[in-house]
Amino acid sequence: MSQKPSFYITTAISYPNGVPHMGHAYEAIATDCIARFKRLDGYDVRFLTGTDEHGIKMLQTAQKAGLTPRELVARNTPRFEAMVEAFDLSNDDFIHTTEERHARSSQAIWNRMAANGDIYKSTYAGWYSVRDEAYYAEDETTLNDQSVRVGPQGTPVEWVEEESYFFRLSAYQDRLLAYYRDNPGFIMPEARRNEVVSFVSGGLQDLSISRTTFDWGIPVPGDDKHIMYVWVDALTNYITALGYPDTDGELFRRFWPADVHVIGKDIIRFHAVYWPAFLWSAGLEAPKRVFGHGFLFNRGEKMSKSVGNVVDPFDLAQTYGVDAIRYFFLREVSFGHDGSYSHEAIVNRMNADLANDLGNLAQRSLSMVAKNLDGVVPQPGPLSPEDEAMLALADGMLEKAREAMENQAVHLYLNAVWAVVAEANRYFAAQAPWALRKTDPARMATVLWVTGEVVRQVAILAQPVMPQSAARLLDLVAVPPDARSFAALGAAGRLPAGQALPPPVGVFPRYVEPEAGA
RNA sequence: GGCAGCGUAGCUCAGUUGGUGAGAGCGCCGGAUUCAUAACCCGGAGGUCGGCGGUUCAAGUCCGCCCGCUGCUACCA
C-alpha cells in the first residue's frame, strides 16, 4: 500500500469515427503533462484515456463505408492508440467503451440509478427532421410559406413520439447549484463555471437516456429494445476503468472521486451537470474538478476538412519532434483558452526557447566543464551574492510551478521555469566564466557549478513536458534515475562535485528550413 | 433578444483591493561579445491602454453610454 496521496486524472474519450487530429493530441498531451508532474511531485497517479466507440455517428460512418460499426472501430481505434504511443503518453489504462467490462459497469450504474427511483419510462416527443436526423425544440421550428413546419436548417420536421427512459435530472438542480457554490474550483476555467451555473439556474428538465432507433450501444438492463443514451455510456468510462461496480476494489477506493477530468470546452455540460447527477443518483461522489480546455486553430482558422487545413498530429511530431510539439502547445497556448498555431510559431518557439535558451545554456556551460575541468563537476568555492541569487531563483521554481499546476495553468508553470533559464543566461554572460578561465580558475569553476546546478533543476522540472529531452539533459549532468523526482530539487539534490560527466551533446537542435527548391 | 466576458506596443498577451515615469515574450533596429546550437548579453524602438462622458487630489484599473469581437442560452456528439 502506497502512502502517497492519490491523483486520478482523465482525458475525455475520443470519438473514433475519424482519425485523430491535433485537438485530440493536444488534450492528451496536456493531461499527460499534468499526470507526469504529479507523479514527479510524489503522487500516486492514475491517468486514463480511451475511445468512445458507440453511438449513432459511429453507426452512420460505418454504413457509409460499407462496414459494420465493429469493423469501423477495429479500423480507427488503433490510430488513437498509436497517437498515445507517438506522443509519449504515460496513461495507466486505455479504455474502449465496447469492452465487456464497460457494458457491465454501465448497466450497473443504470441499475443503481433506477433503484434510486431516478429512471422512469415515458415517451420522448418532439419535432424530428428525418433529413437532419435531429430533434428540434418547438421554438426552433417555423412554418414556411407553404405552411410546412421546418427546422433551423429549413428541412421539414414531423412530430415523433418515441418510447424512452428518462433520468430525473430535474431533481438535482438544487444539489448541483449547491455543489458549484461550495466547490468553486469544480468547473474550470472560471468563465466556464459561470456558464454552467447560469444554465442550471435556468432550470433542468429530465433527460432522455435511451434510444430505440438504432442498436449500436449498450442495452438497457431488462429491456433490450433500448440502448443507453451515449452520454450515460460515455461518462461511465471514468469509473469502469477503476473497476466499477466493484466499489470496494483497490482501484476504486484509492482513486475515486477523480481529481480532474480534462475535457474540451464543448462538452462541459455533460461533465459538470449530467455526470455529477448520475453519480449521486448511483450513490457515488462527484469528481473534484472538470477542466474545459480551449480549441486549436490553424493560423487562426478552425480546422476543417473543407478548408483543407486539418493537421495530422503524426506529421507534426515527425516534422518537429514529439517533445518540441508537446512544449510548443503547452507553452504557447494558455491552458483553458483557445490557441493558434502555425509553422512559423512552432519554429520560433522551438528555436528560441529550446535551442537558443535552454539547449544553448546547457551546451555553453557543459562544454566549458568538458574542456577546462576534464569533464568533472567542479567543487564550488565561496558563493557570491550573484551565485546565491541564481540558486535561489532555481530553488524557487518548484513552488511557482506547483502553484500554477494546482489550477492546471500549465503555461504558467512553464513560464516560471523558462524565466529561470533566461536568468541563467544573463547570469552566465555577466559572470563570463570564459574570461575567468585565465584570471581566476576557481571562480570559473564556481560559476560553472552554479550553472550546471541550474541546468539540473530545470531539466528535472522539464520532464513533464518533454520526457525524452529532459531525460537526455539529465544524463548530461549525470543525474541518476532515482534522483530525478521533484524531491531532488533545491538544496536537497545539489550537483555533486567530483562527478564525471559524459561529453556534452546538443539536446535541442535548431529547426532549419529545408533548402528551397533543392 | 437575455446573461457573461473581452477589446493594452507590429504580433501574442501580463497588468492585485484606483496612486512614483504603462510592462513581458516574439519580431524589428543599434551595440557588445565569442564560452556556446550565427546562439547568448546590453540598449532602443515610444502604444489616444476600443470611443465618448462621469466619479476622484489621482483611472488602463471604478460608474454610464456607444462601437467591435467572443462564449452560453439543454437532450448531434
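All chains are named by letter (A, B, ...) in the order of the sequence lines, taking the proteins before the strands, and each is independently numbered beginning at 1.
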Answer with base, sugar-phosphate or nothing: what part of the nucleic acid does A:Asn17 contact at a heavy-atom distance below 4.0 Å? nothing
Please determine whether a side-chain nitrogen of the Lys or Arg among A:Arg443 and A:Asp387 lies less than 4.0 Å from a carboxylate oxygen of the Asp or Glu. yes
Base paired to B:rU61 (Watson-Crick or G-U; both N/O distances under 3.5 angstrom): none
Watson-Crick or G-U wobble mate for B:rG25, both contacts under 3.5 Å: B:rC11
Regarding A:Glu162 and A:Ser164, do their side chains bring together a donor and an acceptor under 3.5 Å, going by distance alone? no
In Watson-Crick or G-U wobble terms, with both distances under 3.5 Å, the base opposite B:rC76 is none
Taking any heavy-atom pair under 4.0 Å as a contact, classify A:Gly294: base, sugar-phosphate, or nothing. nothing
Out of B:rC41, B:rA74, B:rC35, which nucleotide sits closest to the side chain of A:Tyr274? B:rA74
Whole angstrom value for the distance that separates C1' of B:rC75 from NE2 of A:His271: 16 Å
P atom, B:rG23 versus B:rA45: distance in rounded Å? 11 Å
Need one value for A:Tyr229: base, sugar-phosphate or nothing, where a base atom within 4.0 Å counts as base even if backbone is also close, heavy atoms only. sugar-phosphate
For B:rA32, the Watson-Crick or wobble counterpart (both distances under 3.5 Å): none
Given that both distances must come in under 3.5 Å, which nucleotide forms a Watson-Crick or G-U wobble pair with B:rC3? B:rG71
Taking atom P in both B:rC65 and B:rC28, what distance in whole Å separates the two? 44 Å
Give a yes or no on whether a salt bridge exists between A:Arg426 and A:Glu423, defined as a side-chain N under 4.0 angstrom from a carboxylate O. yes
Nucleotide B:rA39, atom C1' - distance to CZ of A:Phe428 in whole Å: 13 Å
Would you tabulate the nitrogen or oxygen pairs shorter than 3.5 Å linking the protein to nucleotides 22-32 of chain B?
unit_1 : atom_1 : unit_2   : atom_2 : d
B:rC26 : O3'    : A:Asn348 : OD1    : 3.4
B:rC26 : O2'    : A:Asn348 : ND2    : 2.8

How far does the C1' atom of B:rC49 sit from the matching atom of B:rC62, given to the nearest Å? 16 Å
For nucleotides 36-38 of chain B, tabulate all protein N/O to nucleotide N/O atom pairs closer than 3.5 Å, reporting atom names and distance.
unit_1 : atom_1 : unit_2   : atom_2 : d
B:rA36 : OP1    : A:Lys371 : NZ     : 2.4
B:rA36 : O2'    : A:Asn360 : OD1    : 2.4
B:rA36 : N3     : A:Asn360 : ND2    : 3.2
B:rA36 : N3     : A:Arg364 : NE     : 3.4
B:rU37 : O2     : A:Phe508 : O      : 3.4
B:rU37 : N3     : A:Phe508 : O      : 2.6
B:rU37 : O4     : A:Gly359 : O      : 3.3
B:rU37 : O4     : A:Phe508 : N      : 3.3
B:rU37 : O4     : A:Phe508 : O      : 3.4

Over how many whole Å does the gap from A:Phe167 atom CZ to B:rC75 atom P extend? 18 Å
When you compare the side chain of A:Met22 with that of A:Ile325, does any pair of heavy atoms fall below 4.5 Å? yes
So which nucleotide does B:rU16 pair with, by the Watson-Crick or G-U wobble rule with both distances under 3.5 Å? none
What's the CE-C1' distance between A:Met228 and B:rA77, to the nearest Å? 18 Å
Pick one: which of A:Arg79, A:His24, A:Met58 meets side-chain contact (heavy atoms from CB on, under 4.5 Å) with A:Pro16? A:Met58
Give each protein N/O atom lying under 3.5 Å from an N/O atom of nucleotides 1-10 of chain B, with the pair distance.
none

Taking atom P in both B:rU61 and B:rU48, compute the distance separating them and give it to the nearest angstrom. 16 Å
Looking at A:Glu403 and A:Lys400, is any side-chain nitrogen of the basic one under 4.0 Å from a carboxylate oxygen of the acidic one? no
Would you indicate what A:Leu366 reaches in the nucleic acid, counting non-hydrogen atoms under 4.0 angstrom: base, sugar-phosphate, or nothing? nothing
Whole-Å gap separating P (B:rC75) and CD (A:Glu163): 22 Å
For the C1' atoms, the ones on B:rG50 and on B:rG68, what distance do you get once it is rounded to whole angstrom? 8 Å
Indicate yes or no for a side-chain donor-acceptor contact from A:Asp52 to the backbone of A:Ser14 under 3.5 Å, with no hydrogens or angles considered. no
Verify salt bridge (Lys or Arg N to Asp or Glu O under 4.0 Å) between A:Glu399 and A:Arg402, making sure each step is shown before the conclusion. CA-CA 5 Å; A:Glu399 189 185 336; A:Arg402 274 184 180 146; over 6 Å; no
CG of A:Leu235 versus P of B:rA77: gap in Å, rounded? 12 Å
So for atom CD, which belongs to A:Glu190, do other residues, nucleotides or ligands contribute more than 12 heavy atoms lying within a distance under 6.0 Å? no
Charged tip of A:Arg364 within 45° of A:Phe428 ring normal and under 6.0 Å: no
Centroid separation A:Phe94 to A:His96 less than 6.0 Å: yes
The side chain of A:Arg437 lies closest to which of these nucleotides: B:rC35, B:rA77, B:rG71? B:rC35
Of A:Phe508, A:Tyr320, A:Trp418, which is the lone residue that meets ring-ring contact (aromatic ring centres under 6.0 Å, His included) with A:Tyr327? A:Trp418
5′-ward residue of the pair A:Lys265/A:Phe166 relative to RNA chain B: A:Lys265
Between C1' on B:rC76 and CG on A:Leu59, what's the gap in Å once rounded to a whole number? 14 Å
Roughly how many Å is it from OH in A:Tyr165 to P in B:rC75, rounded to a whole number? 23 Å
Using the C1' atom in both, what is the distance from B:rA14 to B:rU33, to the nearest Å? 32 Å
Is there a donor-acceptor pair closer than 3.5 Å between any side-chain N or O of A:Arg193 and the backbone N or O of A:Ile187? no
Measuring centre to centre across the rings, with the benzene-like ring taken for any Trp, is A:Phe167 within less than 6.0 Å of A:Tyr274? no
Using the C1' atom as the reference point in each nucleotide, state the distance between B:rG21 and B:rG60 in Å, no decimals. 15 Å
With P as the reference atom in both, quote the distance from B:rG47 to B:rG2 in angstrom, rounded to an integer. 38 Å
